[in-house]
Chemist: 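Take this structure first; my questions come after.
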Amino acid sequence: MKSHAKKLSIYNSLKGEKLIFKSLKDGFVGLYVCGPTVYSNVHLGNCRTFISFDMVYRYLVHLGYKVRYVRNITDVGHLVDDADEGEDKIAKKARLEQLEPMEIVQQYTLDFHKVMENFNSLAPNIEPTATGHIIEQIEMIQAIIDNGFGYESNGSVYFDVEKYNESHPYGELSGRKIEDLISNTRDLDGQSEKRAPLDFALWKNASSDHIMKWSSPWGVGFPGWHLECSAMSTKYLGEEFDIHGGGMDLKFPHHECEIAQGTASNGKAPVQYWMHGNMLTLNGKKMSKSTGNSILPHELFSGVNTFMTKPFDSMVVRFFMMQAHYRSTLDFTSEALAAAEKGYARLTEAMATLEALNTSLESSTSVNEMIESFYSAMNDDFNAPILVANLFESVKFINSVNDGKATISASDRLLLQTEMSAFVVDVLGLAPSVSGGEDKLAPVMDLVLDLRQEARTNKDWTTSDKIRDGLANAGIIVKDSKEGTTWN
RNA sequence: GGUCCUGUGGCCGAGUGGCUAGGCAGUGGUCUGCAAAACCAUCUACAGCGGUUCGAAUCCGCUCGGGACCUCCA
């Protein structure tokens, strides 16, 4: 464990303040993140949350924690309509497309994995599915019933929110009072199976034509949505674990229900630190599948979409996201992406420059201080934008050394190289994209640039510029400097 | 309607009771055969009105604007 690990503070949504992070078990962190519902392609807004927590995971690992990172796949259980006449999203989609539910699940799970890989997001240690944990969910429901917080009604089981609220505060995460919730609940049909409108489903009775269903002590049915996360986080991380993350929009009711379910089933609040990532906006509005205000990753990479003027690389998009704090909304525009693209190029070029930098006996600036600034940024609730700003201070320094206006010692160069790479590649997860086929191109470029250099020596500017412009048309930028000519 | 968040310069975004993040764009230089890159310098800010304070963009109140949740949502 790095000494910096002791200084990490995290904004805990439950307390509403930044607190020094202390894991339940020294050196170990249990991290649970609510994953996607695989009933359609993940859009960029979904990706932001997962990328944010990928960064969190990466930094915890960088600090030396042994992290068990669990992120679920929801492949059943989201009710499309009001809970009383609910139909699960996956089942609905399956009916529409005449497919097996698990076909839908497979298709979009693969898509999700591909997209996350594109964004250089690390796979979680465990990626459990809701359908794979029906037994665990049934057991948890039984425990909730046994403890007096759940009741059966017509083959369905509901969580008794008001009963729970008598002994535990319901709404503490989202800052709601139960009286307000009751008075603000929409009108429901009188024939509700629920005792109270606030009660939420733990298990839903399935009608005969429902295609995803399982046997349970209460009859054939399917689990309620909120339950899977409780069951799976308990199974893999324990009744109490360190960090639970997810999008801001899941705070209520989903996460509130998780707290209630965990507490009702085993008497303990499950989570130490709740973390919520903010929304990605498009045209100033939350990105959302249902409203159509969303963009898919591949549409962004290919440039085929109505929002952006050109295609953007996945690493540029990731860099762009890292320039905003995870708790702030981030607005997605073509102009902002283009700015990020240039900034990212500058950062990666400086890192390449650093490797070849001439060294001196001493450094003209404190490299140690620079590196400390990387840590202090990230230790302040994973403040990636400050880290990026501090990295650019280093970029400036590197370029100054390259210009002969500043100096760096050999040991500092090595140190800076190691740490910049650690923060840019390992923590921010920015992997300079590997372009294939360069092996064959390199000798060709050597030849072409050789010919151009001959022309330049002969002051044959027409020929040398023709070569440079021609290469530029092919997407290869040639740069001349005192040390020679470079290209990319 | 209820609860909560937010309003920063041309754009994106940090931050915070006094020391004007950062990126992109702009302007003027240096360098260069010319470019590009880089470096140096530099211009646009803290929604409005009032209050607290020696001092507020930062705290408080009001007004106006934007957003989220309250129903599936990352």
Side-chain angles (χ1 to χ4, degrees), chain A residues 16 33-37 39 42-53 74 77-83 86 88-89 171 174-177 179-181 183-186 225 245-254 256 276-281 284-291 294 319-320 323-325 327-347 349-350 353 377 380 383-393 395-396 398-406 456 459-461 464-465 468-469 472 477-482 485-486 488:
Chain A
V33 175
C34 288
T37 304
Y39 67 102
V42 281
H43 68 242
L44 215 58
N46 301 316
C47 294
R48 186 191 180 195
T49 298
F50 303 131
I51 290 170
S52 292
F53 286 104
T74 296
H78 274 212
L79 305 178
V80 172
D81 299 311
D82 176 71
D88 138 354
K89 266 184 180 166
S174 51
R176 282 154 217 261
K177 292 189 181 71
E179 307 84 60
D180 297 340
L181 285 168
S183 62
N184 280 314
T185 304
R186 289 217 208 130
W225 168 44
M248 207 82 110
D249 48 353
L250 296 184
K251 207 168 174 182
F252 188 91
H254 185 59
E256 205 71 72
H276 289 96
N278 216 322
M279 300 293 103
L280 189 65
T281 60
K285 289 248 163 64
K286 177 187 168 186
M287 216 178 265
S288 164
K289 261 172 225 169
S290 50
T291 60
S294 69
F319 175 76
F320 175 67
Q323 279 192 296
H325 189 86
R327 280 194 289 117
S328 301
T329 54
L330 174 63
D331 196 44
F332 222 67
T333 64
S334 218
E335 203 181 354
L337 257 304
E341 187 170 47
K342 291 196 178 175
Y344 180 55
R346 193 162 160 240
L347 176 64
E349 275 168 32
T353 305
D380 184 15
N383 201 325
I386 294 290
L387 169 62
V388 171
N390 293 342
L391 284 167
F392 273 107
E393 295 298 334
V395 167
K396 207 169 205 176
I398 290 165
N399 288 329
S400 286
V401 173
N402 197 38
D403 259 28
K405 288 173 179 160
R456 293 182 75 212
K459 296 197 190 297
D460 179 4
W461 309 124
S464 80
D465 287 356
R468 186 174 64 198
D469 294 346
I477 306 300
V478 172
K479 292 174 194 169
D480 301 319
S481 72
K482 284 171 218 136
T485 301
T486 57
N488 63 27

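Every chain is numbered from 1, with letters handed out A, B, ... down the list of sequences.
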Chemist: Taking NZ from A:Lys289 and P from B:C72, how many angstroms apart are they, rounded to a whole number?
Modeler: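 These atoms are roughly 15 Å apart.
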Chemist: Check the phosphate of B:G67 against A:Lys285, side-chain N and O only, distance under 4.0 Å to OP1 or OP2. Yes or no?
Modeler: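 So the side-chain polar atoms of A:Lys285 do come within 4.0 Å of the phosphate oxygens OP1 or OP2 of B:G67, strictly under.
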Chemist: Please report the distance, rounded to the nearest Å, between CD in A:Glu335 and C1' in B:C11.
Modeler: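 One finds 4 Å between C1' of B:C11 and CD of A:Glu335, rounded.
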Chemist: To the side chain of A:Pro385, which of B:A74, B:A21, B:A37 is closest?
Modeler: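 Of the candidates, B:A21 comes closest.
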Chemist: Quickly work out the A:Lys177 NZ to B:C4 C1' distance and round it to whole Å.
Modeler: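 That distance rounds to 12 Å.
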Chemist: Ignoring backbone atoms, establish whether A:Ser328 has a side-chain N or O less than 4.0 Å from OP1 or OP2 of B:A14.
Modeler: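 A:Ser328 to B:A14 OP1/OP2: side-chain N or O found under 4.0 Å.
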Chemist: Grab the CG-P distance between A:Leu280 and B:G67 for me, whole Å please.
Modeler: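 In whole Å, B:G67 P lies 15 Å from A:Leu280 CG.
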Chemist: Could you tell me how far B:G15 sits from B:A21 if I compare only their C1' atoms? Round to whole Å.
Modeler: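 Looking at atom C1' only, B:A21 and B:G15 are 7 Å apart.
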Chemist: What is the distance, rounded to the nearest whole Å, between atom CZ of A:Arg176 and atom P of B:C5?
Modeler: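 The answer, rounded to whole Å, is 12 Å.
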Chemist: Do the side-chain N or O atoms of A:Asn383 get closer than 4.0 angstrom to the phosphate oxygens (OP1, OP2) of B:G15?
Modeler: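 It does, given that an N or O in the side chain of A:Asn383 lies less than 4.0 Å from OP1 or OP2 of B:G15.
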Chemist: Counting any heavy atom closer than 4.0 Å, what does A:Lys251 reach on the DNA or RNA strands: base, sugar-phosphate only, or nothing?
Modeler: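 Since no nucleic acid heavy atom lies under 4.0 Å of A:Lys251, the category is nothing.
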Chemist: Start at the 5' end of RNA chain B and walk down; is the nucleotide closest to A:Leu250 or to A:Asn402 reached first?
Modeler: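 The residue mapped nearer the 5' terminus is A:Asn402.
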Chemist: Of all the choices, B:C39, B:A21, B:C70, which nucleotide is nearest to the side chain of A:Phe252 once you look at every atom?
Modeler: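 So the nucleotide nearest the side chain must be B:C70.
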Chemist: For B:A38, does OP1 or OP2 lie under 4.0 Å from any side-chain N or O of A:Arg346?
Modeler: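 For A:Arg346, the contact criterion (side-chain N or O under 4.0 Å from OP1 or OP2 of B:A38) is met.
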Chemist: In the strands shown, is B:C24 matched to any nucleotide by a Watson-Crick or G-U wobble pair with both distances under 3.5 Å, and which?
Modeler: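 Checking every strand shown, B:C24 finds its partner in B:G10, with both distances under 3.5 Å.
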Chemist: Looking for any heavy atom pair under 4.0 Å, which part of the strands does A:Gly35 touch: base, sugar-phosphate only, or nothing?
Modeler: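 Sugar-phosphate only.
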Chemist: Which base sits across from B:A35 as a Watson-Crick or G-U pair, both distances under 3.5 Å?
Modeler: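 Result: none.
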Chemist: Mind checking if A:Glu341 touches a base, just sugar-phosphate, or nothing, with heavy atoms under 4.0 Å?
Modeler: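 Touches nothing.
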Chemist: Could you state the atom-to-atom distance from CD of A:Gln323 to C1' of B:C24 in whole Å?
Modeler: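 The distance from CD of A:Gln323 to C1' of B:C24 comes to 9 Å, rounded to the nearest Å.
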Chemist: Considering only atom C1', compute the distance from B:C59 to B:A38 and round it to an integer number of Å.
Modeler: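 My reading of the C1' atoms in B:C59 and B:A38 gives 44 Å.
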Chemist: Across the strands shown, which category fits A:Asp331 at heavy-atom distances under 4.0 angstrom: base, sugar-phosphate, nothing?
Modeler: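 Contact class for A:Asp331: sugar-phosphate only.
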Chemist: What is the nucleic acid contact for A:Val478, judged by heavy atoms within less than 4.0 Å: base, sugar-phosphate only, or nothing?
Modeler: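 The answer is base, as A:Val478 lies within the cut-off (heavy atoms under 4.0 Å) of a base atom.
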Chemist: Checking all strands, does A:Met248 fall into the base, sugar-phosphate, or nothing category for heavy-atom contacts under 4.0 angstrom?
Modeler: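 Contact class for A:Met248: none.
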Chemist: Return the nearest nucleotide to the side chain of A:Arg456; candidates are B:C72, B:G33, B:A74.
Modeler: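 Selected nucleotide (nearest to the side chain): B:G33.
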Chemist: Mapping A:Gly175 and A:Ala339 onto RNA chain B by nearest heavy atom, which one lands closer to the 5' end?
Modeler: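 Of the two residues, A:Gly175 wins.
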Chemist: Just to be sure I understand the rule, does A:Gly277 reach a base, reach only the sugar-phosphate, or reach nothing, if contact means heavy atoms closer than 4.0 Å?
Modeler: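 Contact class for A:Gly277: none.
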Chemist: Measure the distance between the ring centre of A:Phe392 and the centre of the six-membered base ring of B:G23, then answer whether it is under 5.5 Å with planes under 30°.
Modeler: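 No; centroid distance or tilt outside limits.
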Chemist: Per the side-chain contact (heavy atoms from CB on, under 4.5 Å) rule, which among A:Asn383, A:Leu387, A:Val388 passes with A:Pro385?
Modeler: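 When A:Asn383, A:Leu387, A:Val388 are each tested with A:Pro385, the side-chain contact (heavy atoms from CB on, under 4.5 Å) holds only for A:Asn383.
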Chemist: Take the protein atom CG of A:Asp249 and the nucleotide atom C1' of B:U3, then report the distance between them rounded to whole Å.
Modeler: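 Spelled out: CG on A:Asp249 to C1' on B:U3 is 16 Å.
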Chemist: Can you identify which nucleotide, out of B:C69, B:C12, B:A25, has its nearest atom closest to the A:Lys342 side chain?
Modeler: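 Selected nucleotide: B:A25.
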